[in-house]
Asks: 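Dropping a structure here in structure tokens format, bear with me for questions.
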Amino acid sequence: MIKCHLSRLMGEQKLKVIDVARATGLHRNMITLLYNETATRVDLAAIEALCKLFDCKVGDLFELVDERD
């Protein structure tokens, strides 16, 4: 399973979904899906925009975790 750390990154910077949407140009719905970890697909441009906003690497945003844990 892939875990998304967007909620943690947003919390650290005290950003709301609308703040991230405005800063990245991404649709609020996509950010909400990632925030709630219910997204099933993510466009590479969206990943790039989020990594630029949070000045992080893809591995800081997403993590592959073993479902058995």
Side-chain angles (χ1 to χ4, degrees):
M1 171 170 87
I2 295 180
K3 180 158 180 59
C4 181
H5 297 290
L6 181 61
S7 61
R8 179 180 52 81
L9 294 169
M10 287 173 60
E12 289 171 356
Q13 296 190 22
K14 296 181 175 48
L15 294 174
K16 297 178 184 177
V17 169
I18 192 66
D19 299 327
V20 176
R22 287 181 183 145
T24 60
L26 299 174
H27 196 278
R28 289 185 331 211
N29 189 44
M30 171 53 67
I31 297 163
T32 300
L33 290 171
L34 288 168
Y35 183 91
N36 293 325
E37 295 188 62
T38 55
T40 56
R41 299 174 180 227
V42 184
D43 190 63
L44 291 176
I47 295 171
E48 180 181 357
L50 290 169
C51 286
K52 285 182 179 179
L53 176 65
F54 292 104
D55 190 29
C56 67
K57 297 180 182 178
V58 176
D60 298 328
L61 186 59
F62 296 104
E63 176 186 10
L64 179 63
V65 293
D66 191 357
E67 290 189 39
R68 292 176 271 167
D69 291 342

Asks: If you measure from OG1 on Thr40 to CD1 on Ile2, what distance do you get to the nearest 0.5 Å?
Replies: 11.5 Å

Asks: How long is the span from the NE2 atom in His27 to the CG atom in Leu33, to the nearest 0.5 Å?
Replies: 10.5 Å

Asks: Mind jotting down which residue pairs meet the salt bridge (Lys or Arg N to Asp or Glu O under 4.0 Å) criterion with at least one end in residues 48-62? Sequence neighbours excluded, please.
Replies: Glu48-Lys52

Asks: List the steps, then state whether side chain to side chain contact (heavy atoms under 4.5 Å, CB included) holds for Leu50 with Leu26.
Replies: CA-CA 9 Å; Leu50 290 169; Leu26 299 174; 3.9 Å; yes

Asks: Is there a path of hydrophobic side-chain contacts, each under 4.5 Å between heavy atoms, that joins Leu9 and Leu64?
Replies: yes

Asks: Starting at CD1 of Ile31, measure out to CZ of Arg22 and round the result to the nearest 0.5 Å.
Replies: 11.0 Å

Asks: State which residues pass side chain to side chain contact (heavy atoms under 4.5 Å, CB included) with Ser7; sequence neighbours excluded, sorted by chain then number.
Replies: Tyr35

Asks: Please name all residues satisfying salt bridge (Lys or Arg N to Asp or Glu O under 4.0 Å) with Glu63, sequence neighbours left out, ordered by chain then number.
Replies: none

Asks: For Leu34 and Phe62, run side chain to side chain contact (heavy atoms under 4.5 Å, CB included): C-alpha distance rounded to whole Å, both residues' side-chain angles, the deciding distance at 0.1 Å, then the answer.
Replies: CA-CA 10 Å; Leu34 288 168; Phe62 296 104; 4.1 Å; yes

Asks: Could you state the interatomic distance from NZ (Lys14) to CG (Asp19), rounded to the nearest 0.5 Å?
Replies: 13.0 Å

Asks: Can you sort out the partners of Lys3 under salt bridge (Lys or Arg N to Asp or Glu O under 4.0 Å), two or more places apart, ordered by chain and number?
Replies: Glu37

Asks: Can you measure from CG (Leu61) to SG (Cys56) and round to the nearest 0.5 angstrom?
Replies: 5.5 Å

Asks: What pairs with Leu44 under side chain to side chain contact (heavy atoms under 4.5 Å, CB included), at least two apart in sequence or on another chain?
Replies: Ile47

Asks: What residues, two or more places apart in sequence or in another chain, satisfy side chain to side chain donor-acceptor pair (under 3.5 Å) together with Arg28?
Replies: none

